[in-house]
Undergrad: 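Take this structure first; my questions come after.
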Amino acid sequence: QVQLVESGGGLVQAGGSLRLSCAASARTLSAYAMGWFRQAPGKEREFVAAINWGGGNIYYAGSVKGRFTISRDNAKNTVYLRMNSLKPEDTAVYYCCRITDWPKGYDYWGQGTQVTVSS
């Protein structure tokens with residue numbers, strides 16, 4: 001019943017942009033904050049960005065601040081991650097998740113979408 005599906009990943013050159021989408025079931029987004037994480041090969045999963053239900057509270061990892069923008073459209077049950085000025089070190093599988101208890105509670109995760117940035 002709770003389902004998250006990421007899309008929008010792909011291969012892009014350094015300096016390029018991508019917009020990731022996370023489509024969710026209606027009840028998944030209702031009253032919950034949402035987040036994006038990423039995991040590069042051989043590295044642990046790291047936090048990227050989070051946004052509360054109303055969109056007024058937003059957090060970014062320092063490595064992406066100023067380049068990435070998280071947003072949400074609750075009417076469409078979708079969370080977005082606009083990624084600009086991409087760097088090779090941004091290469092990773094990107095996952096969206098539902099946040100139940102900030103900053104430690106993340107219960108539902110999508111399957112991920114691959115982002116590869118070439119130099």
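Sequential numbering from 1 along the given sequence is applied to the chain's residues. The structure displayed is predicted, hence computed values, not measured ones.
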Undergrad: Ring centroid separation for Phe47 and Trp36, is it under 6.0 angstrom?
TA: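 Between Phe47 and Trp36, the centre distance exceeds or equals 6.0 Å.
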
Undergrad: Output the distance between atom CD1 (Ile58) and atom CZ (Phe68), rounded to the nearest 0.5 Å.
TA: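 Those atoms lie 14.5 Å apart.
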
Undergrad: Applying side chain to side chain donor-acceptor pair (under 3.5 Å), can you list everything that pairs with Asn52, at least two apart in sequence or on another chain?
TA: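 Side chain to side chain donor-acceptor pair (under 3.5 Å) check on Asn52 returns nothing, list empty.
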
Undergrad: Is the backbone N or O of Trp53 less than 3.5 Å from a side-chain atom of Asn74, with the two atoms forming a donor-acceptor pair by type?
TA: yes

Undergrad: Measuring from atom OG of Ser25 to atom CD of Gln3, what distance do you get when rounded to the nearest 0.5 angstrom?
TA: 7.0 Å

Undergrad: Heavy-atom distance under 4.5 Å between the side chains of Thr69 and Leu81, does that happen here?
TA: no

Undergrad: Count I, L, V, M, F, W, Y as connected when their side-chain heavy atoms are under 4.5 Å apart, and connections chain through other members. Are Val48 and Tyr95 then in the same cluster?
TA: no

Undergrad: Within 45 degrees of the ring normal and closer than 6.0 Å to the centroid, is that where the cationic atom of Arg72 sits relative to Tyr80?
TA: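 So Arg72 doesn't make the cation-pi contact.
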
Undergrad: Quick one: are Met34 and Leu4 in side-chain contact, heavy atoms under 4.5 Å?
TA: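 Yes, their side chains come closer than 4.5 Å.
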
Undergrad: Just so I know, are the side chains of Ile99 and Tyr32 near enough to count as touching, which here means a heavy-atom distance under 4.5 Å?
TA: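 No, their side chains stay 4.5 Å or more apart.
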
Undergrad: Suppose we screen for side chain to side chain contact (heavy atoms under 4.5 Å, CB included). Which residues come up paired with Val117, at least two apart in sequence or across chains?
TA: Val12, Ala14, Leu86, Pro88, Asp90, Thr91, Val115

Undergrad: What pairs meet the salt bridge (charged side-chain N to carboxylate O under 4.0 Å, His left out) rule with one or both residues in residues 42-53, with sequence neighbours excluded?
TA: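 Those involving residues 42-53 are Arg38-Glu46.
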
Undergrad: Applying side chain to side chain donor-acceptor pair (under 3.5 Å), can you list everything that pairs with Asn84, at least two apart in sequence or on another chain?
TA: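 Checked Asn84 against side chain to side chain donor-acceptor pair (under 3.5 Å); matches are Ser17.
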
Undergrad: Between Ser63 (side chain only) and Ala61 (backbone N and O only), is there a donor and an acceptor less than 3.5 Å apart?
TA: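 No, because the side chain of Ser63 does not come within donor-acceptor range (under 3.5 Å) of the backbone of Ala61.
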
Undergrad: Search all heavy atoms of Ala23 against all heavy atoms of Thr78 and return the closest pair with its distance.
TA: CA-OG1, 4.3 Å

Undergrad: Can you sort out the partners of Glu89 under side chain to side chain donor-acceptor pair (under 3.5 Å), two or more places apart, ordered by chain and number?
TA: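 Here no residue qualifies.
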
Undergrad: Answer yes or no: is there a side-chain heavy-atom contact under 4.5 Å between Thr113 and Ser7?
TA: no

Undergrad: Is the closest side-chain heavy-atom distance between Phe37 and Cys97 below 4.5 Å?
TA: yes

Undergrad: Which label fits Tyr59 and Trp102: parallel for a plane angle under 30°, tilted from 30 to 60°, or perpendicular past 60°?
TA: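 Parallel.
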
Undergrad: I'd like to check the side chain to side chain donor-acceptor pair (under 3.5 Å) partners of Ser85; sequence neighbours left out, ordered by chain and number.
TA: none

Undergrad: Does Val93 belong to the same Ile/Leu/Val/Met/Phe/Trp/Tyr cluster as Ile70, with side-chain heavy atoms less than 4.5 Å apart forming each link?
TA: no

Undergrad: Do side-chain atoms of Glu6 reach the backbone of Leu20 as a donor and acceptor pair under 3.5 angstrom?
TA: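 Between the backbone of Leu20 and the side chain of Glu6 there is no qualifying donor-acceptor contact (under 3.5 Å).
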
